[in-house]
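Any value given below was found using the heavy atoms of this structure, including those in side chains, with hydrogens, waters and symmetry copies removed. Every number for a ligand or one of its atoms is a count from 1 in the order of the listing.
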Amino acid sequence: MAIRVIFLSCVFFLVSNVVSMDLYKDPKMDVEVRIVDVLQKMTLAEKVGQMTQIDLTVTDPSVMKDYNIGSVLNGGGTVPEGNTVTAWQNMIDKFQSGALATRLQIPMIYGVDAVHGHNNVHEATIFPHNVGLGCTRDPELLKRIGEATALEVRATGIPYVFAPCIATCRDPRWGRCYESYSESTDLVRNMTDFIFGLQGEPANKTAGVPFVADSSKVAACAKHYVGDGGTMRGIDEANTVIDYESLVKIHMAPYVDSIAKGVSTIMVSYSSWNGVKMHANEYLVTQVLKNELKFQGFLISDWEALDRITTPWGANYTYSVQASINAGIDMVMVPYNYTIFISELTRLVESGYIKMDRINDAVTRILRVKFMMGLFEQPFADKSYSDYLGCQAHRVIAREAARKSLVLLKNGKEAGKPLLPLSKNASRILVAGSHADDIGRQCGGWTISWQGAAGSTTKGTTILEAVKNTVSAESQVIYESDPEAGFAKSQGADYAIVVVGEPPYAEYEGDNLNLTIPAEGVHTIHNVCSEVKCVVILISGRPLVIEPYLPMMDALVAAWLPGSEGAGITDVIFGDEEFVGVLSRNWFKTVDQLPMNVGDKHYDPLFPYGFGLKMGTALGN
Ligand code: GLC
């Protein structure tokens, strides 16, 4: 009997000491052990705090501490004063100090939209948007872009990005179509290698387990689950009406690849599937993603997405919190009214409408990502990465990507008389168009500000600057943004480069039912191409109505949204490099045909999916 008493007292002593020990703080312990250890110590308030993501404009160290906030973000365009690397590092560390002042010292994770480079920060490298990257057909290039992006994001002390967007855009009238790699699911699936660039590639691929190799990498976010690119008439955040088999085949397949590649988080879509809001869809979010596909990372809501579950906006918020958390959302991008979210969620748990098991599942997943990526060990900015922001090596990659994303659609009006490659030794060269000397327009949306903007918004090389840097010293380059009739002829130019296209836009601001080239661009095409030989470089997030103007053009290049390195375009049109890009989406004749994708019975494009000429091709279309 005495031995039994001694034995039991030893066990009690061990357990009580183990429980009081902070096993979760020991990086040598298995991640799952660390999760169990800290989870059992957490109060409901601490758990709910971990599920709360708030915007930088509403937080400070005391808010972080008092509400146990697990995550902070900045919406497109909100940046720390000065928008410099140091300003970002100091801000992240300030918020982190608040998180580490909590009882259990769980670090917060800061997330940012780095969707074509670290597009928030002045002087960061801006890569082509995804519609152009899809035209490269080059997953290895995408991996290098991901690696460069991770380093530039880490330069600012941030460990988490809301990228890649793996939407399969089925209708170019959607304002976010340029964020999609392609209309083809298979091409989007191939492009998910971008995740390896951001996070690193796990040696032993355990599908579904989140993976971030080290502090030079960042946690990724595959978005927006599921069917965001399939809404009716491309209306952003609207309703995707298709059967389950088509939803899986067209829109869900890239998530299978992303989960297999160790993506750490998945963002749920604002849109609905057959009338059911994705943020309230327990079957697709929990049954499919978590139970069938075994996704082990965390699911994050979109910005204020809970408020959009009901109409009018924010009506019956209590229901929205209950429906979304019970559907399987783990972290909520509130991002402003966090006190209301926290009190509603707490009340719903305490009253039994949301089970503690659901909360524990959410917090387990959030902690799994934080432990796995070493955030507990390295919660603060690592200043050794500072010099990567906008570095020359990354600009070289961006220039390569811009070059490889270009698609040559026409080259020459007559057989055997191609216009491209252009002569570098021409005596007089006219450069015209609204987008010829405008870094903001060539980068597009999600650049410095949410919507992007025209003008000298960040560091880079405009197409005009690239032309001047390419041609011989004897050549005279004349620039006129929107020449009147007669001007081009009066200049006696050997040829003209006309750069026109869409203004920058993002999300629903870019929804567009007519997809015409803005009038100024049409005006320039008419006035220049009717008077001198011209190549038109089209800067756009998607195919536009071009057929009526095609006969006027001697050559036409789709440049999409090429980013900060305009030299990628001159590398090709002056013949130093060949065109390699082919269309990532078919080019319609008229918008009446839309939606129109490969395989549709009414498929009758002006330029088909996969089309792309090489220079020297006798006759353009
Ligand atoms: C936006 C977008 C999403 C982005 C998030 C945070 O509304 O839908 O892609 O990551 O909010 O900016």
Side-chain angles (χ1 to χ4, degrees), residues 52-59 71-79 109-121 129-131 149 153 156 158-169 174-181 188 194-195 198 218-231 234-238 240 251 254-255 258 263-272 277-279 297-309 313-314 324 329-336 338 444-452 504-511 541:
T52 306
Q53 183 183 67
I54 63 177
D55 186 73
L56 69 87
T57 55
V58 297
T59 192
S71 183
V72 182
L73 86 156
N74 59 275
T78 43
V79 298
I109 185 166
Y110 190 100
V112 73
D113 289 285
V115 294
H116 61 142
H118 195 350
N119 43 263
N120 307 270
V121 186
H129 269 296
N130 289 351
V131 64
T149 301
V153 169
T156 58
I158 298 173
Y160 176 31
V161 299
F162 306 126
C165 175
I166 56 173
T168 306
C169 172
W174 185 35
R176 306 194 72 167
C177 207
Y178 66 76
E179 295 184 64
S180 165
Y181 293 114
V188 175
F194 184 73
I195 293 166
L198 288 175
V218 294
C221 178
K223 69 184 187 180
H224 311 80
Y225 180 81
V226 64
D228 53 346
T231 57
I235 299 169
D236 191 33
E237 306 185 15
T240 295
H251 299 283
Y255 288 88
S258 301
V263 74
S264 299
T265 75
I266 291 174
M267 186 182 293
V268 175
S269 177
Y270 286 124
S271 57
S272 300
K277 283 283 185 181
M278 277 308 304
H279 276 80
F298 69 78
L299 292 178
I300 187 167
S301 80
D302 205 333
W303 178 281
E304 284 183 341
L306 272 60
D307 309 67
R308 304 182 198 185
I309 289 175
W313 184 305
S324 56
I329 302 286
D330 302 310
M331 181 181 284
V332 173
M333 190 184 289
V334 178
Y336 297 124
Y338 58 90
W446 292 103
T447 308
I448 308 303
S449 64
W450 176 44
Q451 291 294 316
Y505 53 79
E507 301 192 51
Y508 47 81
E509 302 276 356
D511 285 0

Do [X] side-chain atoms and [Y] backbone N/O form a donor-acceptor pair below 3.5 Å?
X: Asp236; Y: Arg176; value: no
X: Asn120; Y: Asp113; value: yes
X: Ser180; Y: Ala167; value: yes

So is there a nitrogen or oxygen of Asn74 less than 3.5 Å from a nitrogen or oxygen in ligand 1?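 No.
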Does the side chain of [X] pick up a donor-acceptor pair with the side chain of [Y] at under 3.5 Å?
X: Trp450; Y: Glu509; answer: no
X: Tyr338; Y: Thr59; answer: no
X: Thr156; Y: His118; answer: yes

So which protein heavy atom does atom 5 (C) of ligand 1 come closest to, and at what separation?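 Protein heavy atom with the smallest distance to atom 5 (C) of ligand 1: Asp302 OD1, 3.3 Å.
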Over all heavy atoms of both residues, which pair between Ala222 and Val263 is shortest? Give the atoms and the distance, please.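 That closest heavy-atom pairing would be N-CG2, 3.7 Å.
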Interfacing atoms of ligand 1 (cut-off 4.0 Å, heavy-atom, [X]):
X: Tyr270; answer: 7 (O), 8 (O)
X: Asp113; answer: 4 (C), 6 (C), 10 (O), 12 (O)
X: Phe162; answer: 10 (O)
X: His224; answer: 3 (C), 8 (O), 9 (O)
X: Met267; answer: 3 (C), 10 (O)
X: Lys223; answer: 3 (C), 4 (C), 9 (O), 10 (O)
X: Trp303; answer: 7 (O), 11 (O)

What residues form a side-chain contact (heavy atoms from CB on, under 4.5 Å) with Glu237, not counting sequence neighbours?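 Residues passing side-chain contact (heavy atoms from CB on, under 4.5 Å) with Glu237: Tyr270, Arg308, Glu507, Tyr508.
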When you look for heavy atoms under 4.0 Å from ligand 1, do you find them on the side chain of Arg176, its backbone, both, or neither?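 Side chain only.
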Is it true that Met333 lies under 4.0 Å from ligand 1, counting heavy atoms only?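 For ligand 1, residue contact (heavy atoms, under 4.0 Å) with Met333 is present.
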